[in-house]
Amino acid sequence: MQKQMDDVVEIHVLPALSEISAAEWDSCACPEAADGGRPYDPFTTYRFLKALEDSRSVGRGTGWEPRYLSARRNGELIGVAPLYAKNNSQGEYIFDFSWAHAYENAGGQYYPKLQIAVPFTPATGRRFLVKPGAEAEGMSALVQGAVQLAADNMLSSLHITFCTEGEAIAGEQMGLMRRVSQQFHWENHGYDSFDDFLGSLSSRKRKTIRKERQRAQAFGGDIRMLTGDEIQPHHWDAFWRFYQDTGSRKWGSPYLTRQFFDIAQDTLRDDILLVMCDRDGRDIAGALNMIGRDTLYGRYWGCIEHHEFLHFEACYYQAIDYAIRERLSGVEAGAQGEHKLARGYLPAECHSLHWVGDAGFARAIERFLQEERRAIEQDIEVLTAYGPFRRDQREEQD
């Protein structure tokens with residue numbers, strides 16, 4: 001399918017990543033990695049999205065059917081976007097279930113809808129992957145193309161989730177509705193060690209974290225950080241068991257297939273930090289993180305044995321240790337979780353953009369979003385004040 005935007009820029013809809021080369025996609029998604037360095041966002045790279053597709057974690061029957069967009073100016077690629085047709089709202093983490101119920105109760109058909117996002121990944125990053133120098137033109141073309149695709153197919157809506165704040169502001173100026181939500185992120189303020197980080201906390205919180213780490217590390221085994229060639233196929237056998245346990249409890253069934261982890265071993269292991277906990281020669285718990293150029297992204301945790309505070313150690317404290325060691329700017333620990341606050345992860349805004357075809361329904365959503373933004377802003381202010389940092393440290397961070 002191809003739509004003529006104007007005399008210069010054309011938008012193409014691609015049903016599979018194989019329709020475009022890795023070099024072309026990554027020239028838009030991660031031009032900073034052209035010299036062999038790490039991308040800022042590991043989730044929008046060709047290799048990550050292709051792993052989702054090749055493992056059949058996305059595609060027919062999954063609720064995420066690829067409709068990738070590309071924008072070409074006089075034949076030259078200037079931008080791409082990871083677009084999917086969705087027949088449910090699973091695996092998004094920006095919740096619109098109430099919107100769907102209201103729309104369908106009023107006699108409308110909410111699904112299918114369009115989603116520009118990284119499936120199953122509540123991590124902020126660029127969603128309009130435009131080459132340097134073509135930012136405004138490329139984003140405008142991709143937005144217009146996505147909206148036109150939704151309108152031409154009489155779909156209810158288009159959603160762009162976990163976009164950057166800059167994209168959210170620009171999208172709002174283009175007529176999209178902006179939504180604000182909240183996560184908990186850890187920021188590295190130039191710490192030299194974990195103890196240096198603890199020194200920025202109040203005395204009570206500092207003592208609590210030290211006790212938690214001591215009790216977690218006394219589970220009777222070893223905790224190892226693995227990345228690159230340190231990760232071996234047998235680690236994925238263990239992690240699959242952990243992931244299945246967590247997935248069945250949280251979502252009913254895991255989003256990722258077993259094949260995804262096999263592909264990850266071949267193409268993504270340099271982008272991955274696995275924290276594995278073994279006892280008596282057997283892996284009993286683990287956490288999977290993705291490594292960006294500046295940020296560590298916590299993604300999955302699971303276990304087959306319960307040990308007190310081991311979840312906090314593997315997911316949050318080991319991530320902080322790694323970020324400090326590698327001089328990363330921060331850790332994004334995934335969706336939700338106010339328990340992260342006491343462990344140094346402060347509330348942070350996340351952004352999304354929305355287009356709804358029905359004018360009346362769009363007005364109702366806009367009113368809701370305005371009220372929601374005010375509530376989120378108040379929550380962030382209150383939660384930050386209750387954070388674990390010493391008062392003088394909070395004032396410096398503000």
Side-chain angles (χ1 to χ4, degrees), residues 43 52 57-58 61-67 69 81-128 142-143 146-151 153-165 167-172 174-183 247 250-253 255 334-337 347-377 379-380:
F43 301 109
L52 291 178
S57 300
V58 303
T62 67
W64 293 82
E65 295 198 18
R67 299 290 187 273
L69 296 183
L83 177 68
Y84 298 84
K86 297 217 67 218
N87 59 19
N88 58 45
S89 291
Q90 300 297 322
E92 297 173 12
Y93 302 95
I94 299 294
F95 302 114
D96 65 345
F97 297 106
S98 61
W99 300 3
H101 293 158
Y103 195 69
E104 292 181 352
N105 286 341
Q109 182 177 333
Y110 194 73
Y111 303 107
K113 62 179 183 177
L114 293 181
Q115 189 100 7
I116 295 179
V118 177
F120 329 122
T121 306
T124 293
R126 289 189 306 136
R127 295 296 173 257
F128 300 99
L142 290 167
V143 167
V147 169
Q148 192 65 50
L149 184 64
N153 288 278
M154 295 182 288
L155 303 183
S156 68
S157 52
L158 164 71
H159 309 266
I160 301 100
T161 47
F162 292 100
C163 60
T164 66
E165 183 178 13
E167 288 176 322
I169 293 170
E172 189 173 34
M174 295 177 195
L176 302 178
M177 294 181 288
R178 179 171 62 91
R179 189 176 191 182
V180 175
S181 54
Q182 176 188 298
Q183 285 184 344
K250 284 191 173 184
W251 316 303
S253 61
Y255 291 135
Q336 306 167 329
E349 287 187 350
C350 298
H351 302 272
S352 58
L353 290 164
H354 307 269
W355 172 89
V356 171
D358 183 277
F361 191 50
R363 286 192 295 270
I365 289 178
E366 181 60 48
R367 289 193 295 270
F368 166 79
L369 293 180
Q370 290 173 359
E371 295 175 3
E372 185 184 49
R373 279 199 297 271
R374 287 192 289 269
I376 292 290
E377 289 169 359
D379 282 350
I380 288 177

[X] vs [Y] side-chain heavy atoms within contact, under 4.5 Å:
X      : Y      : answer
Phe368 : Arg179 : yes
Leu369 : Glu371 : no
Tyr111 : Ser89  : yes
Ile365 : His354 : no
Phe162 : Phe43  : no

Give a yes or no on whether the backbone of [Y] and the side-chain of [X] come within a donor-acceptor separation of less than 3.5 Å.
X      : Y      : result
Arg178 : His351 : no
Thr121 : Pro119 : yes
Gln90  : Gly63  : no
Ser352 : Thr161 : no

Assess the side chains of Tyr103 and Asp358: does a donor N or O sit below 3.5 Å from an acceptor N or O?
no

Would you say the side-chain atoms of Thr62 and Tyr255 include a donor-acceptor pair closer than 3.5 Å?
no

Run through Leu83, Leu176, Leu142, Leu114 and flag the one making a side chain to side chain contact (heavy atoms under 4.5 Å, CB included) with Ile160.
Leu176

Salt bridge (Lys or Arg N to Asp or Glu O under 4.0 Å) partners of Arg363, counting only residues at least two apart:
none

Arg126: partners by salt bridge (Lys or Arg N to Asp or Glu O under 4.0 Å), with sequence neighbours left out
none

For Glu104, I'd like to know if atom CD has over 12 heavy atoms of other residues, nucleotides or ligands within 6.0 Å.
yes

For a side-chain contact (heavy atoms from CB on, under 4.5 Å) check, start with the C-alpha distance between Val143 and Phe128, then their side-chain angles and the critical distance, and finish with the verdict.
CA-CA 8 Å; Val143 167; Phe128 300 99; 3.6 Å; yes

Could you tell me how the ring of Phe97 sits relative to the ring of Phe95: parallel (under 30°), tilted (30 to 60°) or perpendicular (over 60°)?
parallel

Among Glu65, His159, Glu92, which one satisfies side chain to side chain donor-acceptor pair (under 3.5 Å) with Lys86?
Glu92

